[in-house]
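Notes for the one structure printed next.
First the proteins, then the strands, lettered A, B, ... as listed; each starts at 1.
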Protein chains: 2
Amino acid sequence: MPHHNSAGAWAKRYHLASRAAIERILRPYDLGSTQWYVLHQLVHHGPTAQRDFPKLLQIEKPALSDVVSALVRKGFVAQAPDPNDQRQRILSLTAEGKDLWQRLPDPIALILDIAFEGVDEDSLSLVVNVLQTATERLNKRINEGTNA
Amino acid sequence: MPHHNSAGAWAKRYHLASRAAIERILRPYDLGSTQWYVLHQLVHHGPTAQRDFPKLLQIEKPALSDVVSALVRKGFVAQAPDPNDQRQRILSLTAEGKDLWQRLPDPIALILDIAFEGVDEDSLSLVVNVLQTATERLNKRINEGTNA
DNA sequence: CCTCCTTCATTCGGTACCGAACAATATCTA
DNA sequence: TAGATATTGTTCGGTACCGAATGAAGGAGG
């Protein structure tokens, strides 16, 4: 926010801008950004247990449930019970989902080209290091229990 | 996301972690992070026209409408029509809102302490520069019209 | 005075996230 | 084998965001 012109505030602004850009690219295909990541996983690694996605996508289970049910509703993903464990669900691409993927641009590549073009590798890796460290510290605090 | 271990992905993760941390701090007070920023503005700059907030908080009008109606519902903010222009609304703190602010910790200061403690000024300003440039490029593209 | 246009705010439908609580299934243990 | 425990996924209620459409008020020109 404007009164805190810090790395944190710019991380937020960057995140919102990139999400808006990605969703603009994906809108004609009726896909959201996280939905795209789910398809990406299924395309590159085949059918995957739903229980693995929260770690892969860095989201919580309820958020994943929303995303999956949207993809199932749209017919791009099938959600089948695991025969060996009735609790688990296996996600896989439908024929329609495979077909969609063929027509899809890669929003991440487009965004990175626009956003970080011309920035040298050293600067970029410094940015990654600072943000990664900050994220790990925050997550550690969050998991340690309530403080304030 | 894991397969794109880039500055962009870490900006997203940082943003989500910091929002989670801020909301954890604010939860006991029944406040969300954007709601806190609205109160912050009203505390430090007095009654403010609602039309000014989208630029101040970098959000769109419908998102602001949600935030304002939550604050009004909770009794922390009053929303009065501008006598000179019936279209506009003036936001101001209620007595209850002022009272709440006295009891509130500053979540931003707490987060910045945790996240960026020990990071030198030069690194921090490089991070700000890279993310700021990236954000401006993305926003420029978004506003230029649809491409992809 | 009466259209036309702009501005401000809301509503609507959608995505993306959270924590808490729940149901179902599996497993471990007494 | 019965009961406690752990895992998986969903539902519920909430925040925070978007674009498109709508309504309400103000201002400009004929």
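- Both A/D30 and B/A20 lie close to DNA chain C; mapped to their nearest nucleotides by heavy-atom distance, the more 5′-ward contact belongs to A/D30.
- Counting only residues at least two apart or in different chains, side-chain hydrogen bond (donor to acceptor under 3.5 Å, both in side chains) contacts with residues 76-86 of chain B comprise B/Q50-B/Q79, B/D85-B/R87.
- Within residues 74-90 of chain B, the residues having any heavy atom closer than 4.0 Å to DNA chain C are, in order of number, B/Q79, B/R87, B/Q88, B/R89.
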N/O donor to acceptor pairs below 3.5 angstrom from side-chain atoms of residues 61-70 of chain A, sequence neighbours left out:
residue	atom	partner	partner atom	Å
A/S69	OG	A/S65	O	3.2
A/S69	OG	A/D66	O	3.0

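- The CG-C1' distance, from B/L16 to C/dG19, rounds to 15 Å in whole Å.
- A perpendicular orientation is assigned to the rings of B/H40 and B/W101, their planes being inclined by more than 60° (bins at 30° and 60°).
- Looking at the side chain of B/A70, the nearest of the listed nucleotides D/dC17, D/dT15, C/dT15 is D/dT15.
- Identified under the salt bridge (Lys or Arg N to Asp or Glu O under 4.0 Å) test for residues 125-135 of chain A, with sequence neighbours left out: none.
- Taking the ring centroids of A/Y14 and A/F116, they lie under the 6.0 Å cut-off.
- Between A/T34 and C/dC17 there is a side-chain polar atom (N or O) within less than 4.0 angstrom of OP1 or OP2.
- Contacts classified as salt bridge (Lys or Arg N to Asp or Glu O under 4.0 Å) and involving residues 28-45 of chain A (residues at least two apart or in different chains) are given here: A/D30-A/K74.
- Of the side-chain N and O atoms in A/K12, one or more sit less than 4.0 angstrom from OP1 or OP2 of D/dC17.
- Atom pair B/K61:NZ and D/dA21:C1' shows a separation of 12 Å (rounding to whole Å applied).
- Atom P of nucleotide C/dG14 and atom CG of A/L71 are separated by 15 Å, given to the nearest angstrom.
- OP1 or OP2 of C/dT15 sits under 4.0 Å from a side-chain N or O of A/R73.
- For the pair B/R24 CZ and C/dC18 C1', the computed distance is 10 Å after rounding to whole Å.
- Applying the 4.0 Å criterion to OP1 and OP2 of C/dC17, one finds that A/Q58 has every side-chain N and O outside that range.
- Contact between the side-chain N/O atoms of A/S69 and the OP1/OP2 oxygens of D/dT10 is not found at any separation under 4.0 Å.
- With rounding to whole Å, A/I59 atom CD1 is found 14 Å from C/dT15 atom P.
- At D/dA16, one or more side-chain N or O atoms of B/S33 fall inside 4.0 Å of OP1 or OP2 (strictly under the cut-off).
- Among the nucleotides D/dA16, C/dA20, D/dA20, the one closest to any side-chain atom of B/P62 is D/dA20.
- Nearest nucleotide to the side chain of B/E23, out of D/dC17, D/dA16, C/dA9: D/dA16.
- In this entry the distance linking CG of B/L57 with P of D/dT15 reads 16 Å, nearest Å.
- A straight line from CG of A/D52 to C1' of D/dT7 spans 13 Å, rounded to a whole angstrom.
- If you find the closest nucleotide of DNA chain C to A/R19 and to B/R27, the one lying nearer the 5' end belongs to A/R19.
- One N or O on the side chain of A/T48 and one on the backbone of A/G46 form a donor-acceptor pair closer than 3.5 Å.
- Evaluation of the salt bridge (Lys or Arg N to Asp or Glu O under 4.0 Å) test over residues 109-134 of chain B, restricted to residues two or more places apart or in two chains, returns none.
- In this structure, the CG atom of B/L26 is 14 Å from the P atom of C/dG19, given to the nearest Å.
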